[in-house]
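Hydrogens, waters and symmetry mates play no part in the numbers below; they use all other heavy atoms, side chains included.
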Amino acid sequence: MININLRDALAEEQRARGAKIAMTTRVLTLTMDEFYEDLVQHGTTASKADAIAVLKNIGTTLARVCGRGEAVNIDGLGCFAPRAHGVKERDGTWSKPLTAEITWTPSIELNKAFQANVSFEEREPIVRRPHITQVTDAVTRTTNSQLTAGGMIELKGFNCKMHLLMSDERVFLIPAEGGDPIPVTLYLQNSPKRIICQMPDGLQAGDSYRLEVRARSFRCKTLRSSDFQTIFTIA
């Protein structure tokens with residue numbers, strides 16, 4: 001079963017008529033042991049140790065043969081071939097370094113067998129948004145309760161990394177009683193799971209705020225916000 005979700009088409013003509021494109025969601029990866037168990041169900045007589053050894057040796061042999069510049073056709077699997085990439089300028093320098101990779105072209109038989117077994121299930125797209133789990137104030141050494149004007153905080157969570165060249169991607173203080181969000185501008189660390197930043201000066205003691213991370217996921221144009229409802233009081 002292949003799980004798919006439908007997203008807005010990229011081509012303008014397709015978007016104009018409301019077309020969607022199918023995209024594969026995350027694929028589960030079998031371990032070598034799990035792959036062998038599936039292999040056994042289809043009639044192999046090799047022991048587990050022998051089967052795993054052969055599979056590993058195939059990879060080692062392919063690396064050696066393709067490294068010599070030769071392609072390999074394996075019945076039932078397809079063709080494994082080396083391919084070089086790089087850009088050499090007129091002055092002899094490589095502006096894009098010369099590299100190589102092994103490419104694989106599935107056999108017609110494998111593709112037919114795959115098509116005969118495949119089925120699809122549509123799933124709702126997974127929305128990747130920033131998520132805050134814990135905020136520690138360095139001045140009061142409290143967690144999820146207080147903030148200090150001009151003080152440093154450590155924010156933990158996931159999907160929190162921001163593109164700080166974009167002015168709308170920041171940590172924001174959201175007034176609990178309403179009002180304009182206040183952006184945080186000074187950051188010492190900006191990573192997916194940890195942000196260290198300085199609270200703005202001028203926050204009034206006793207005022208209350210929520211903290212909100214606004215960021216875009218990798219290759220995503222949509223700005224998404226965290227949903228951390230804890231109320232912080234300015235110490």
Side-chain angles (χ1 to χ4, degrees), residues 1-29 120-139 142-204 207-234:
M1 178 75 70
I2 296 179
N3 295 325
I4 63 168
N5 55 53
L6 299 179
R7 298 182 182 272
D8 292 337
L10 300 178
E12 290 186 11
E13 179 186 349
Q14 292 175 327
R15 284 204 306 270
R17 64 174 188 266
K20 302 284 186 179
I21 57 175
M23 300 185 68
T24 307
T25 61
R26 182 175 296 178
V27 178
L28 296 178
T29 303
F120 302 96
E121 181 175 346
E122 186 178 336
R123 298 284 186 90
E124 288 297 320
I126 298 174
V127 177
R128 291 174 56 87
R129 65 173 65 252
H131 186 82
I132 301 172
T133 57
Q134 178 179 300
V135 177
T136 301
D137 181 79
V139 179
T142 56
T143 299
N144 294 348
S145 62
Q146 292 183 307
L147 302 172
T148 303
M152 305 300 296
I153 67 166
E154 179 189 44
L155 183 154
K156 292 183 178 180
F158 50 88
N159 300 331
C160 289
K161 185 173 182 178
M162 302 160 290
H163 302 85
L164 295 176
L165 294 177
M166 306 291 289
S167 61
D168 56 354
E169 296 195 36
R170 293 286 187 276
V171 174
F172 287 87
L173 289 98
I174 312 297
E177 303 300 325
D180 294 332
I182 302 173
V184 174
T185 57
L186 180 61
Y187 297 86
L188 296 185
Q189 182 171 342
N190 173 30
S191 65
K193 295 184 178 181
R194 187 170 184 248
I195 294 173
I196 297 178
C197 57
Q198 183 179 29
M199 292 293 93
D201 293 320
L203 299 176
Q204 299 298 310
D207 285 353
S208 298
Y209 296 89
R210 288 192 307 106
L211 281 179
E212 185 174 282
V213 177
R214 299 178 184 176
R216 293 175 178 84
S217 299
F218 180 61
R219 292 181 178 176
C220 179
K221 296 181 180 180
T222 303
L223 183 70
R224 304 193 190 282
S225 303
S226 59
D227 186 25
F228 195 57
Q229 296 299 320
T230 298
I231 301 296
F232 294 85
T233 302
I234 305 302

**Prompt:** Is it true that the side chains of T148 and D137 contain a donor and an acceptor less than 3.5 Å apart?
**Reply:** yes
**Greater than 12 external heavy atoms within 6.0 Å of E12's CD** = no
**Prompt:** side chain to side chain contact (heavy atoms under 4.5 Å, CB included) between I195 and M162: does it pass, once the steps are laid out?
**Reply:** CA-CA 9 Å; I195 294 173; M162 302 160 290; 3.5 Å; yes
**Item:** Residues in ring pair (Phe, Tyr, Trp, His ring centres under 6.0 Å) contact with H131, at least two apart in sequence or another chain
**Value:** F158
**Fill in**
Note: A176 and I231 closest approach over all heavy atoms is CB-CD1, 4.2 Å
**Request:** First locate atom CD of Q146, then atom OG of S208, and finally report the distance between them rounded to the nearest 0.5 Å.
**Result:** 10.5 Å
**Prompt:** What's the spacing between E212 CD and I132 CD1 if we round to 0.5 Å?
**Reply:** 8.0 Å
**Closest non-hydrogen atom pair between L6 and A22, with its separation** = CD2-CA, 3.8 Å
**Request:** Please report the closest heavy-atom contact between T25 and I4, naming both atoms and the distance.
**Result:** CG2-C, 4.0 Å
**Request:** List the steps, then state whether side chain to side chain contact (heavy atoms under 4.5 Å, CB included) holds for V213 with F228.
**Result:** CA-CA 9 Å; V213 177; F228 195 57; over 6 Å; no
**Asked** How long is the gap from CD1 on I153 to CG on L147, to the nearest 0.5 Å?
**Response** 6.0 Å
**Prompt:** Does the side chain to side chain contact (heavy atoms under 4.5 Å, CB included) test come out yes or no for Q198 and V184, once each step is laid out?
**Reply:** CA-CA 7 Å; Q198 183 179 29; V184 174; 5.7 Å; no
**Request:** Mind listing the closest non-hydrogen atom pair of T230 and N144 along with its distance?
**Result:** CG2-O, 3.5 Å
**Fill in**
Checking R214, R224, R216 against D168 for salt bridge (Lys or Arg N to Asp or Glu O under 4.0 Å), the one that qualifies is R216
**Message:** Between Q204 and I234, is the side chain to side chain contact (heavy atoms under 4.5 Å, CB included) condition met? List the steps.
**Reply:** CA-CA 7 Å; Q204 299 298 310; I234 305 302; over 6 Å; no
**Prompt:** If every non-hydrogen atom of P183 is compared with every non-hydrogen atom of P200, which pair is closest and at what distance?
**Reply:** O-CG, 3.9 Å
**Prompt:** Roughly how far, to the nearest 0.5 Å, is the CG atom of L186 from the CE atom of M152?
**Reply:** 6.0 Å
**Prompt:** At what distance, to the nearest 0.5 angstrom, does CD1 of I21 lie from CG of L10?
**Reply:** 4.5 Å
**Asked** When rounded to the nearest 0.5 angstrom, what is the spacing between OG in S225 and CD1 in I174?
**Response** 8.0 Å
**Asked** If you count the non-hydrogen atoms of other residues, nucleotides and ligands that lie under 6.0 Å from CD in Q229, is the total more than 12?
**Response** yes
**Message:** So which atom in F172 and which in P181 form the shortest heavy-atom distance, rounded to 0.1 Å?
**Reply:** CD2-CB, 3.8 Å
**Side-chain (Q134) to main-chain (K156) donor-acceptor, under 3.5 angstrom** = no
**Request:** Inspect the contact between R129 and D227 and indicate whether a charged nitrogen and a carboxylate oxygen are less than 4.0 angstrom apart.
**Result:** no
